[in-house]
Number of protein chains: 2
Amino acid sequence: MGTTQLDQQQPEPKHRHLKTVLTAALDTEFSVGQALPNERELAARFGVARATLRQALDQLELEGRLQRRRGVGTTVAPPRVGVDVSPRHHTWPGGPGDAWVTTDCAPAAPPAAVARLLEVPARTPVEVVRRSLVAQGQTVAEEHLYVPPAALPPADGPGAPHGAERGHGVLRRLRRLEPGGQDRAVELGSATAEQARLLDRLPGSPVLVVTTRYLAAGRPVAAAVATYRADTCRLTFGDEPAHPSGAD
Amino acid sequence: MGTTQLDQQQPEPKHRHLKTVLTAALDTEFSVGQALPNERELAARFGVARATLRQALDQLELEGRLQRRRGVGTTVAPPRVGVDVSPRHHTWPGGPGDAWVTTDCAPAAPPAAVARLLEVPARTPVEVVRRSLVAQGQTVAEEHLYVPPAALPPADGPGAPHGAERGHGVLRRLRRLEPGGQDRAVELGSATAEQARLLDRLPGSPVLVVTTRYLAAGRPVAAAVATYRADTCRLTFGDEPAHPSGAD
DNA sequence: CAGTGGTCTAGACCACACC
DNA sequence: GTGTGGTCTAGACCACTGA
């Protein structure tokens with residue numbers, strides 16, 4: 001990062017040029033995990049206001065090139081983690097090979113958009129199973145799985161009133177049904193305060209929101225809203241495996 | 001939007017509270033396409049600096065709630081467009097039902113990451129087909145399709161030196177091969193200057209980058225890097241159709 | 001405690017769209 | 001022209017981390 005001054009000729013915004021310069025420096029002069037100089041130092045070095053420098057850093061963080069932590073500093077981020085989110089016809093959440101960890105479960109009314117997906121009336125309480133996904137030592141995603149109890153076979157016992165144990169019961173009941181397909185959507189969102197806490201980010205951080213609808217006998221029986229850290233995750237949709245089914 | 005002042009009690013940042021208030025206002029007091037007051041007016045109304053207001057607007061725009069256009073103003077955005085990006089085993093790009101429009105084609109060396117995907121040496125020139133996707137009157141995505149000519153059957157004629165016609169020729173040759181599967185990845189990126197121009201956004205705008213690798217006979221024969229406007233698009237992955245194959 | 005990134009201000013000027 | 005959002009400055013203070 002020998003550059004100490006910008007000499008700008010194009011009518012290109014400074015922050016964009018700055019981003020270009022920093023990208024080149026990251027590619028050539030820094031290694032993963034290495035700390036950058038602090039923002040005041042960098043701004044001075046490039047002869048811009050700190051706010052302008054921050055515009056460039058914001059983008060590099062969005063692109064997963066940098067990792068910033070308040071009170072700590074800015075470091076070069078490792079490459080994004082690939083997370084497989086292929087729809088699998090023949091499996092339910094919580095089946096074999098599912099790396100998600102159930103953390104909690106309690107009945108609650110789903111958001112309006114989820115109620116529509118599930119084709120249940122608004123404000124109908126459903127089971128809400130909360131799960132999280134850890135990859136490479138970091139929580140990379142958080143999920144709310146909404147399951148209307150009416151669609152499930154009866155429980156084989158009294159069941160826990162709440163907590164992970166209740167969630168396991170819901171998933172067990174779900175797996176007794178014959179899977180009837182899934183559909184999925186991915187869009188950009190921003191983390192709520194609670195999601196931010198779980199994902200170790202600030203509220204409002206960009207996230208990839210994956211909405212999945214699970215069908216059985218042609219009817220929606222569950223809907224999942226999974227929130228992935230956009231800075232550290234790459235969602236992969238591999239081809240269907242060669243064997244048609246491995247989890248009945 | 002009767003609120004004229006914030007009365008903040010929590011140690012919650014102003015811009016976040018502002019975003020909450022604005023979200024509620026958008027839900028209840030505005031309709032799609034309606035213009036908001038300008039930024040100076042809004043900032044004054046809420047008693048904050050314009051930069052603070054802009055932090056809130058930036059997030060709402062990221063979430064696809066607002067649309068801002070320099071020199072024009074800020075309006076309430078319509079719901080995101082769903083775009084189907086399901087991997088389809090049995091089809092090539094440019095096949096039936098493909099809504100993409102080929103705009104140009106010329107040989108060029110692919111980016112290093114694409115060369116790795118294609119398993120060709122770096123700096124090997126390949127055919128680069130450029131296509132774009134229009135939905136609801138708006139260009140929502142832009143694609144570069146990289147095809148090493150060595151993997152293709154020979155052309156049935158001299159072919160155009162460049163332009164859409166050359167692209168059609170490449171896609172025709174590709175379709176003579178037997179499709180052997182695809183894999184896909186989705187991640188967050190930011191628009192280059194050129195992509196921004198095509199998508200009618202500013203450079204650096206958030207985009208969803210979909211990378212697809214096409215296989216034939218177990219070998220990669222093409223790779224596509226498609227860039228979708230993150231503000232206006234929701235990528236959908238429907239289930240595979242019930243019939244195992246309909247395009248051979 | 002000192003040092004970091006996060007928030008916020010009150011201005012200024014620029015680029016662009018529309019009249 | 002006028003009015004809009006986009007960029008930029010030079011400060012200030014806050015929240016958090018780790019020694």
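Throughout, a chain's letter reflects where its sequence line sits, starting with A, and its residues are numbered from 1. Computed from a predicted model, the values in this text were never measured in an experiment.
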Quiz item: Without hydrogens or angle criteria, can the side chains of Arg68(A) and Thr74(A) be said to hold a donor-acceptor pair below 3.5 Å?
Solution: no
Quiz prompt | Interatomic distance where CZ belongs to Arg54(A) and P belongs to dT7(C) [whole Å] | solution = 7 Å
Practice problem: Using a heavy-atom cut-off of under 4.0 Å over every strand shown, decide if Leu57(B) touches base, sugar-phosphate, or nothing. | Solution: nothing
Self-check item: Whole-Å gap separating P (dG3(C)) and CZ (Arg50(A))
Solution: 15 Å
Quiz prompt | Between P of dC14(D) and NE2 of His15(B), the distance in whole Å | solution = 16 Å
Practice problem: Would you kindly compare Arg70(A) and Gly71(B) by the position of their nearest DNA chain C nucleotide and give the one closer to the 5′ end? | Solution: Arg70(A)
Quiz item: Rounded to whole angstroms, how far apart are CG on Leu18(B) and P on dG6(C)?
Solution: 19 Å
Quiz prompt | Contact under 4.0 Å: Thr52(A) side-chain N or O vs dT7(D) OP1/OP2 | solution = no
Quiz item: Do the side-chain N or O atoms of Thr74(B) get closer than 4.0 angstrom to the phosphate oxygens (OP1, OP2) of dG5(D)?
Solution: yes
Exercise. Between dT7(D), dG5(D), dC18(C), spot the one nearest the side chain of Val72(B), thanks.
Key: dC18(C)
Quiz item: For Leu202(B) and dA17(C), what is the distance between atoms CG and P respectively, to the nearest whole Å?
Solution: 10 Å
Quiz item: Would a 4.5 Å heavy-atom cut-off, applied to side chains only, mark Leu66(B) and Leu26(B) as touching?
Solution: yes
Quiz item: Between Leu199(A) and Thr139(A), is any pair of side-chain heavy atoms under 4.5 Å apart?
Solution: yes
Quiz prompt | Distance in angstrom units between Lys14(A) NZ and dA15(C) P, rounded | solution = 13 Å
Practice problem: Would you kindly give the CG-to-P distance between Asp58(B) and dG6(C), to the nearest whole Å? | Solution: 15 Å
Quiz item: So which of Lys19(A), Arg201(A), Arg69(A) actually passes salt bridge (charged side-chain N to carboxylate O under 4.0 Å, His left out) with Glu61(A)?
Solution: Arg201(A)
Self-check item: Contact nearer the 5' end of DNA chain D, comparing Pro203(B) with Asn38(B)
Solution: Asn38(B)
Quiz item: Ignoring hydrogens and angles, are the base of dG5(C) and the side chain of Arg40(A) linked by a donor-acceptor pair under 3.5 Å?
Solution: yes
Exercise. Would you kindly give the CG-to-P distance between Leu66(B) and dG5(D), to the nearest whole Å?
Key: 11 Å
Practice problem: Kindly point out which of dT9(C), dC8(C), dT7(D) is positioned nearest to the side chain of Val48(B)? | Solution: dT9(C)
Quiz item: Counting heavy atoms not belonging to Gln138(B), are there more than 12 under 6.0 Å from its CD?
Solution: yes
Quiz item: Can you find an N or O donor on one side and an acceptor on the other, under 3.5 Å apart, linking the side chain of Arg69(A) with the base of dG6(C)?
Solution: no
